[in-house]
Amino acid sequence: PWATRIACAEGGRLTVGDHVALNCGVSIDVWHDLRIGNKVMIAPNVTILDDNRHEIEPGAPLYNGPTIIGDNVWLAGNVTVLPGVSIGSGSVIAGHSVVSRDIPPNSLAAGSPARVVKSLNVPDRWSHRFGYERNDPAAGFWASLRRTFAGDPNAALASVEKSVSPNEAGRDHESVS
């Protein structure tokens with residue numbers, strides 16, 4: 001397996017939401033501003049960039065604004081997300097796609113360059129990663145036991161205790177025991 005690589009240059013800002021899954025071989029380069037929402041799945045060998053790093057022609061901009069991946073997005077294997085694009089919440093990017101322009105919410109995009117091939121019907125409180133029931137895993141021993149015996153691969157989420165730090169009111173934090 002390949003290591004996951006996250007490089008954040010001095011002055012760069014990487015914002016990652018809750019319940020984000022990174023697989024092996026993921027490469028993330030942050031030079032300016034990259035934002036990844038909640039419940040995002042990033043499959044093997046995905047590359048995410050926020051800077052072109054080299055001019056294509058003299059005077060070409062290297063930075064086109066933040067790269068934003070919305071909530072509940074699934075980036076399938078070998079996807080490349082180029083600088084300055086936004087991927088809307090609820091979207092799925094098919095394997096081997098190159099995202100070079102904005103993708104609207106709740107879209108299935110594929111190809112190089114990635115184009116919307118289908119509009120998705122993603123209901124509220126449903127996620128690509130957890131489905132309905134596991135969006136907000138029930139707490140407690142019995143709920144954890146039910147998930148474990150049901151063969152739920154996300155059963156470990158039941159052991160997560162949520163606590164809010166007084167220094168950061170309104171922001172959920174997790175501590176795993």
Side-chain angles (χ1 to χ4, degrees), residues 1-132 134-135 153-154 156-157 172 174:
W2 307 276
T4 296
R5 181 184 161 278
I6 299 174
C8 193
E10 186 173 334
R13 183 175 68 197
L14 172 62
T15 306
V16 179
D18 296 326
H19 302 297
V20 172
L22 297 176
N23 216 310
C24 60
V26 171
S27 177
I28 299 174
D29 286 356
V30 182
W31 292 83
H32 305 280
D33 187 11
L34 192 146
R35 304 171 200 162
I36 299 173
N38 297 318
K39 297 180 180 121
V40 172
M41 291 190 303
I42 303 175
N45 303 316
V46 168
T47 300
I48 305 170
L49 308 166
D50 79 339
D51 186 275
N52 288 324
R53 287 199 245 148
H54 303 286
E55 293 178 325
I56 296 172
E57 59 187 7
L62 296 178
Y63 178 66
N64 299 322
T67 301
I68 301 171
I69 299 169
D71 295 338
N72 191 22
V73 168
W74 179 9
L75 302 177
N78 299 298
V79 164
T80 298
V81 179
L82 295 178
V85 300
S86 292
I87 300 173
S89 294
S91 292
V92 176
I93 309 300
H96 299 275
S97 296
V98 177
V99 181
S100 61
R101 60 181 67 122
D102 291 351
I103 303 296
N106 300 322
S107 299
L108 170 62
S112 179
R115 290 186 165 78
V116 174
V117 295
K118 182 179 178 181
S119 181
L120 300 175
N121 181 14
V122 180
D124 290 340
R125 301 191 45 77
W126 184 88
S127 74
H128 297 291
R129 182 162 184 217
F130 299 116
Y132 277 114
R134 290 167 246 141
N135 237 358
N154 298 302
L157 289 175
D172 287 338
E174 297 177 348

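Just so it is clear, the values below take in all heavy atoms, side chains as well, and ignore hydrogens, waters and symmetry mates. We number each residue from 1, following the sequence as shown.
The backbone N or O of Gly84 lies less than 3.5 Å from a partner atom in the side chain of Thr67, making a donor-acceptor pair. Between the Asp71 side chain and the Lys39 main chain, no donor and acceptor come within less than 3.5 Å of each other. Side chain of Ser97 to backbone of Gly111: a donor-acceptor contact under 3.5 angstrom is found. A side-chain donor-acceptor contact under 3.5 Å links Asp50 to the backbone of Asp33.
With rounding to the nearest 0.5 Å, the separation of CG in Asp29 from OG1 in Thr47 is 8.0 Å. For the atom pair Ile28 CD1 and Cys8 SG, the distance stands at 10.0 Å (nearest 0.5 Å). To the nearest 0.5 Å, atoms CG (Asp18) and CG (Asn38) are separated by 5.0 Å. Considering OG of Ser100 and CZ of Arg115, their distance stands at 8.0 Å, rounded to 0.5 Å. Of the inter-residue distances, the one linking Ile36 atom CD1 with Ile48 atom CD1 reads 4.5 Å to the nearest 0.5 angstrom. In this structure, Asn45 CG and Ser27 OG are separated by 10.0 Å, a value rounded to the nearest 0.5 Å.
Considering every non-hydrogen atom in both Val92 and His128, the closest pair reads CG2-CE1, 3.4 Å. Arg101 and Pro113 get closest at one heavy-atom pair: NH2-CG, 4.2 Å. Across all non-hydrogen atoms, the minimal contact from Asn106 to Gly90 is OD1-CA, 3.4 Å. When all heavy atoms of Asn72 and Ser127 are compared, the pair lying nearest together is OD1-CA, 3.2 Å. Pairing each heavy atom of Asn78 with each of His96, the nearest pair is ND2-CE1, 3.2 Å. Contact between Ala9 and Trp31 at its shortest, heavy atoms only, is CB-CE3, 3.6 Å.
Residues Val46 and Asn23 are not in side-chain contact: their nearest non-hydrogen atoms beyond the backbone lie 4.5 Å or more apart. For the pair Val98/Leu82, a side-chain contact is recorded, criterion being any heavy-atom separation below 4.5 Å from C-beta on. Looking only at side-chain heavy atoms (C-beta outward), Leu75 and Val26 stay at 4.5 Å or farther from each other. Leu62 is listed as a side-chain neighbour of Glu55, based on a closest heavy-atom distance under 4.5 Å.
For residues 79-92, no residue pair satisfies the side chain to side chain donor-acceptor pair (under 3.5 Å) rule, not counting sequence neighbours. Listed by first then second residue, pairs satisfying ring-ring contact (aromatic ring centres under 6.0 Å, His included) with a partner in residues 34-84 read His32-Tyr63, not counting sequence neighbours.
With 3.5 Å as the limit, one finds no donor-acceptor pair spanning the side chains of Thr15 and Arg35.
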